[in-house]
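Here's the structure, in structure tokens; my notes come after.
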Amino acid sequence: MQYSAHGLAEGVRTELEASYVKHGCGPEFWTTYQRVLDRLVPQGTSRTRVTNELALIIEQLGIVRRAQMVPPRSPGRPRAR
């Protein structure tokens, strides 16, 4: 699913919500989450900001009670692999 810049957040929210309604909080929902993340941020680039934004969407939808935020990478700290 492709989104215009204007409809990105709403499109992501709709896609995640539809997956949750269909699959609950099971593996298929989290596969959808991972596909959305892969589309939004290519592998090998920093995903912290987008990952946290997706976590907030999931929290707002009530899928999780409290989303875990990824802390920003400290300067000089090696990237986790």
Side-chain angles (χ1 to χ4, degrees):
M1 184 178 291
Q2 296 294 324
Y3 304 111
S4 68
H6 179 70
L8 178 63
E10 194 56 39
V12 166
R13 175 184 293 275
T14 300
E15 186 173 356
L16 291 173
E17 186 173 29
S19 181
Y20 179 70
V21 167
K22 185 174 182 180
H23 303 292
C25 203
E28 286 298 322
F29 169 78
W30 295 106
T31 298
T32 300
Y33 169 88
Q34 192 62 51
R35 278 196 309 264
V36 168
L37 183 59
D38 288 344
R39 275 198 320 268
L40 294 174
V41 185
Q43 292 287 339
T45 59
S46 176
R47 294 177 170 217
T48 302
R49 184 178 60 78
V50 174
T51 300
N52 286 340
E53 289 177 16
L54 288 177
L56 288 175
I57 289 172
I58 290 169
E59 184 179 282
Q60 291 166 355
L61 290 171
I63 295 169
V64 297
R65 195 175 331 156
R66 181 89 172 130
Q68 178 70 41
M69 298 292 122
V70 178
R73 196 167 68 100
S74 300
R77 190 172 123 208
R79 182 179 288 169
R81 294 178 187 210

**Study point:** Sole residue of Lys22, His23, Glu15, Glu17 in side-chain contact (heavy atoms from CB on, under 4.5 Å) with Ser19
**Key:** His23

Exercise for review: Decide side chain to side chain contact (heavy atoms under 4.5 Å, CB included) for Leu61 and Tyr20; before the verdict, give the C-alpha distance in whole Å, the side-chain angles of both, and the deciding distance to 0.1 Å.
Suggested key: CA-CA 9 Å; Leu61 290 171; Tyr20 179 70; over 6 Å; no

Exercise for review: Determine whether Ile63 and Val36 fall in the same hydrophobic cluster, where Ile, Leu, Val, Met, Phe, Trp and Tyr are linked whenever their side-chain heavy atoms lie under 4.5 Å apart.
Suggested key: yes

Practice item. Please lay out, stage by stage, how Leu16 and Leu54 fare under the test side chain to side chain contact (heavy atoms under 4.5 Å, CB included). Key: CA-CA 9 Å; Leu16 291 173; Leu54 288 177; 4.1 Å; yes

**Study point:** More than 12 heavy atoms from other groups under 6.0 Å of CD on Gln68
**Key:** no

Exercise for review: Could you please spell out the steps behind the side chain to side chain contact (heavy atoms under 4.5 Å, CB included) verdict for Phe29 and Ile58?
Suggested key: CA-CA 11 Å; Phe29 169 78; Ile58 290 169; 4.1 Å; yes

Review point. So, does Asn52 use its side chain to make a donor-acceptor pair with the main chain of Met69 at under 3.5 Å?
Key: no

Check your understanding: Which atoms form the tightest heavy-atom contact between Gln60 and Arg13, and what is the distance?
Key -> OE1-NH2, 2.5 Å

Point to revise | Non-hydrogen atoms of Ala55 and Ala67 that approach each other most closely | key: O-CB, 3.4 Å

Review point. Going through the checks in order, is the side chain to side chain contact (heavy atoms under 4.5 Å, CB included) test met by Glu53 and Ile57?
Key: CA-CA 6 Å; Glu53 289 177 16; Ile57 289 172; 5.6 Å; no

Check your understanding: Any donor-acceptor pair under 3.5 Å linking the side chain of Thr14 with the backbone of Glu10?
Key -> yes

Point to revise | Same cluster (ILVMFWY, side-chain, under 4.5 Å), Val70 and Val50 | key: no

Exercise for review: Mind checking the CH2-CG spacing from Trp30 to Leu37? Nearest 0.5 Å is all I need.
Suggested key: 11.5 Å

